[in-house]
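This report concerns only the one structure given below.
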Amino acid sequence: MTNKLPPVSPVYRSRLIYALASVFVFFTVYLLLMLLALALIVLLGYGAVKVLSLHAGYITLVIALGMFGTGLVVFYFLIKFIFSRQQDNSRHLLEISRAQQPKLFGIIDEMVKETGVQAPKKVFLSHEVNAYVSYNSLFWSMFLPVRKNLTIGMGLINTVTTGELKTVLAHEFGHFSQKSMKIGGYINQAEKIIFDTVYNNAGFENSLKYSSGHWVFQIFSSVAMLVINIFRFILKTVSEFLFRHHASLRREMEFHADAVATYVTNPREQISSLMRIELSENALTGAFLFYTESNAAYLPENLYDNQTALMKIMSDRNNYPYTNGFPVIDSSGIRRYKKTRIEIEDPWTFHPETDVRVERIARNPTVNRPENTAPAKELILGFSETCRVLTRKFLTVQSVKNTGEAIDNETFIKLYGEKFPVSPASLLFNGYYDVHHPVLEDPDLLVREPLNACDHDFFNDQKITLMYEKAGLEADLCTLQYLKANPKAVKNFRYNGSLYKAREAGILIPRFTRDLEAVKEEVRENDRNIFSYFYHKASDADKDILKNRYMKFATLDREYEMFQNSVNHFIPHLQFMTTTLSFEEIRKHRAILLRHEKPFKKVLTQFIEDSGYRDLLSIEDKNLLKDFIASEYIYFNNDRYYETEVNAVFTVVYAYQDMINKAYTAGKEALLDCQAAIAKAS
């Protein structure tokens, strides 16, 4: 066993004190409410006896029962969480034993010894890209020691090395080297109380409302609900205080568990597993979505084979190199897409950002154990069959019916490539146009001197990063403008290592506006150079084609906002037909809809007759819009909807939205295909 695990930090201790205080406050308030409820039972019970002593009769008996029942109902409201049934959350799990998986248990034993925690009572495999330690959260677990269970996701085992799996397990066991984990039991019970008192009340309220019977009981039911709503408001207010401080403590606990894992394993493996986790999750989720979107045409034999294949496809599309059979994602791979400069800490999140964790891990002390690059799946005896079992369990839990054709991994790769093809232009231009639209309207471009591609790399990683920097600045400006308009939304935010008050957001807006314009100009200049280069490389015939496609796409881009806004402004006027309203309300909304229908039809006419989109629409698309333009729908009359007309207008709106997007994409692809053809010809 390692003797000198990293100590908790001063920040951790302060967060722990606040969390303990919040737990104490919550349970104190809860106990006070319990005492008030008991006092209410005594008071109303005493009143009931007094009423009966004045006059013993049917009405007084009913009133007495109503009074006493009100106190009991309020008290039951506070303790009903004890009687709620726990759902079975283990259907997706596969319990394994030491005899079945001796190699995996050997790794678990090693990490238990290194971190000095008690070995898990049970070990489960799940479908997830995750690992966690849990326990049965019974009421008595707050007071009695409880053995923990370990769950390891097959989606994780399938996409890490043995050394990386060790770091993940060390992190999980590192949590339980912390005495503060006991707070989790109290928080868990608080969550159950809050859920059943604040949120889970539909059945309880309906019982009071519809089971009261006598009018006297109905009055006392209303009184009980009034008291309950006051109690519920108090508990909700205190719960926000509790959860905020618990989230703050949990973030520090993550850092400390990372420090434990760093110390007893290898920081390089710890970082590499963290950096790959999002890709692993996306690959597994993407594989599952492929099947759900196939309309039950296909079923997976082994979802984890599909995960491996899809991770390779995604890595190739992002230019991630492979080492030891796994993609390697460094910090630049994550930061490439995250270029925001404004940092606002979410007070409700339990996990710090990955890049923040990586920075801390790199500074943590370590004994630097040797790396183990063997695939972790080699630890699992009967790996393929176990994957198939977990695949079936996962499909059952997700209610996926076993009606489709079971396909092997090769078929999956083929079908996935057909459903989600990679644009040749995207590969040729290094993804430059994946998040960027080449909009040029400057005729002076045509007379520029041609550039030598060797002297100017238009599609290098620096230029790609520029695209995401532009997106990051635009997002930051939106954040700053929101904070300026809503200075109480958050207390503080960080920029460039400095802490700012939310009300100071306006100070930074001019700076970010200048930076954004500078980046935009750099992008525009690169786009001009790209056009000039390909224009002078092209044959005379291709010169005109390239020029025309740039001009057509500029028209599409210029008109896009107008047509998109026409949809956005019209759709809200249709929403009344999706809700239950009185006839008078329906008629009012219909009158408003008919007024807005005329300008909407005018835009549709322009769309199909006098726009850059018209030549990209099919005859069927144009006819669908023309029929609607010529229609005189009234939608509702004689106290009933005309279903044919209602369905028709919704069909037109969603089809129109789809036409806009498809035509815009087609125009962009036509431009890039032309540019790609010139590149290949030269």
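Values reported hereafter were calculated over all heavy atoms of this structure, with side chains retained and with hydrogens, waters and symmetry mates removed.
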Looking at [X] and [Y], would you say the former's side chain and the latter's main chain have a donor-acceptor pair under 3.5 Å?
{"X": "Q100", "Y": "S97", "answer": "yes"}
{"X": "N149", "Y": "K122", "answer": "yes"}
{"X": "T391", "Y": "L303", "answer": "yes"}
{"X": "Y30", "Y": "L78", "answer": "yes"}
{"X": "E504", "Y": "K501", "answer": "yes"}
{"X": "N364", "Y": "T262", "answer": "no"}
{"X": "K393", "Y": "L94", "answer": "no"}
{"X": "N158", "Y": "M154", "answer": "no"}
{"X": "Q307", "Y": "S280", "answer": "yes"}

Which heavy atom of [X] sits nearest to which heavy atom of [Y], and what is that distance?
{"X": "P352", "Y": "E254", "answer": "CD-CB, 3.8 Å"}
{"X": "Y304", "Y": "S126", "answer": "OH-O, 4.3 Å"}
{"X": "I342", "Y": "D476", "answer": "N-OD1, 3.3 Å"}
{"X": "V160", "Y": "S273", "answer": "CG1-CB, 4.5 Å"}
{"X": "L5", "Y": "E114", "answer": "CD2-O, 4.0 Å"}
{"X": "L156", "Y": "I152", "answer": "CD2-CG2, 4.5 Å"}

First locate atom [atom1] of [X], then atom [atom2] of [Y], and finally report the distance between them rounded to the nearest 0.5 Å.
{"X": "Y76", "Y": "I41", "atom1": "OH", "atom2": "CD1", "answer": "13.5 Å"}
{"X": "L150", "Y": "L169", "atom1": "CG", "atom2": "CG", "answer": "6.0 Å"}
{"X": "L483", "Y": "K488", "atom1": "CG", "atom2": "NZ", "answer": "14.5 Å"}
{"X": "I380", "Y": "I96", "atom1": "CD1", "atom2": "CD1", "answer": "5.5 Å"}
{"X": "F493", "Y": "L480", "atom1": "CZ", "atom2": "CG", "answer": "5.5 Å"}
{"X": "I228", "Y": "T70", "atom1": "CD1", "atom2": "OG1", "answer": "9.5 Å"}

Can you check side-chain contact (heavy atoms from CB on, under 4.5 Å) on L38 and V42, steps first, answer last?
CA-CA 6 Å; L38 289 171; V42 173; 5.7 Å; no
Just wondering, do [Y] and [X] contact through their side chains at under 4.5 Å, heavy atoms?
{"X": "K148", "Y": "K121", "result": "no"}
{"X": "F231", "Y": "V74", "result": "yes"}
{"X": "L104", "Y": "R98", "result": "no"}
{"X": "V649", "Y": "E645", "result": "no"}
{"X": "I361", "Y": "L274", "result": "yes"}
{"X": "Y132", "Y": "H175", "result": "no"}
{"X": "H596", "Y": "H569", "result": "no"}
{"X": "L289", "Y": "T285", "result": "yes"}

I would like to know whether R388 and R392 meet side-chain contact (heavy atoms from CB on, under 4.5 Å); could you show each step before the answer?
CA-CA 6 Å; R388 284 191 283 268; R392 290 193 293 270; 3.9 Å; yes
Begin from the C-alpha positions of Q575 and H589 and carry the test side chain to side chain donor-acceptor pair (under 3.5 Å) through to its verdict.
CA-CA 9 Å; Q575 297 307 310; H589 285 290; over 6 Å; no
Centre of Y635's six-membered ring, under 6.0 Å away, within 45 degrees of the axis: is that where NZ or CZ of R590 sits?
no
In terms of ring plane angle, is the pair Y641 and F576 parallel, tilted or perpendicular, where the classes change at 30° and 60°?
tilted
Mind telling me whether F288 and F394 have parallel, tilted or perpendicular rings, with 30° and 60° as the class edges?
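Aromatic pair F394/F288 classed tilted.
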side-chain contact (heavy atoms from CB on, under 4.5 Å) for L40 and F75? Distances and angles first, verdict last.
CA-CA 9 Å; L40 191 63; F75 183 74; over 6 Å; no
For [X] and [Y], which I'm curious about, is there any donor-acceptor pair between the side chains at under 3.5 Å?
{"X": "Q398", "Y": "H92", "result": "no"}
{"X": "H171", "Y": "Q270", "result": "no"}
{"X": "S582", "Y": "E584", "result": "no"}

Taking atom [atom1] as the centre, does [X] end up with more than 12 heavy-atom neighbours from other residues, nucleotides or ligands that are less than 6.0 angstrom away?
{"X": "Y642", "atom1": "OH", "result": "yes"}
{"X": "Y18", "atom1": "OH", "result": "no"}
{"X": "F650", "atom1": "CZ", "result": "yes"}

Basic-acidic side-chain contact under 4.0 Å: D639, R587
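A salt bridge links D639 with R587.
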Between C478 and Y482, does the side-chain contact (heavy atoms from CB on, under 4.5 Å) criterion hold? Intermediate values first, please.
CA-CA 6 Å; C478 288; Y482 175 79; over 6 Å; no
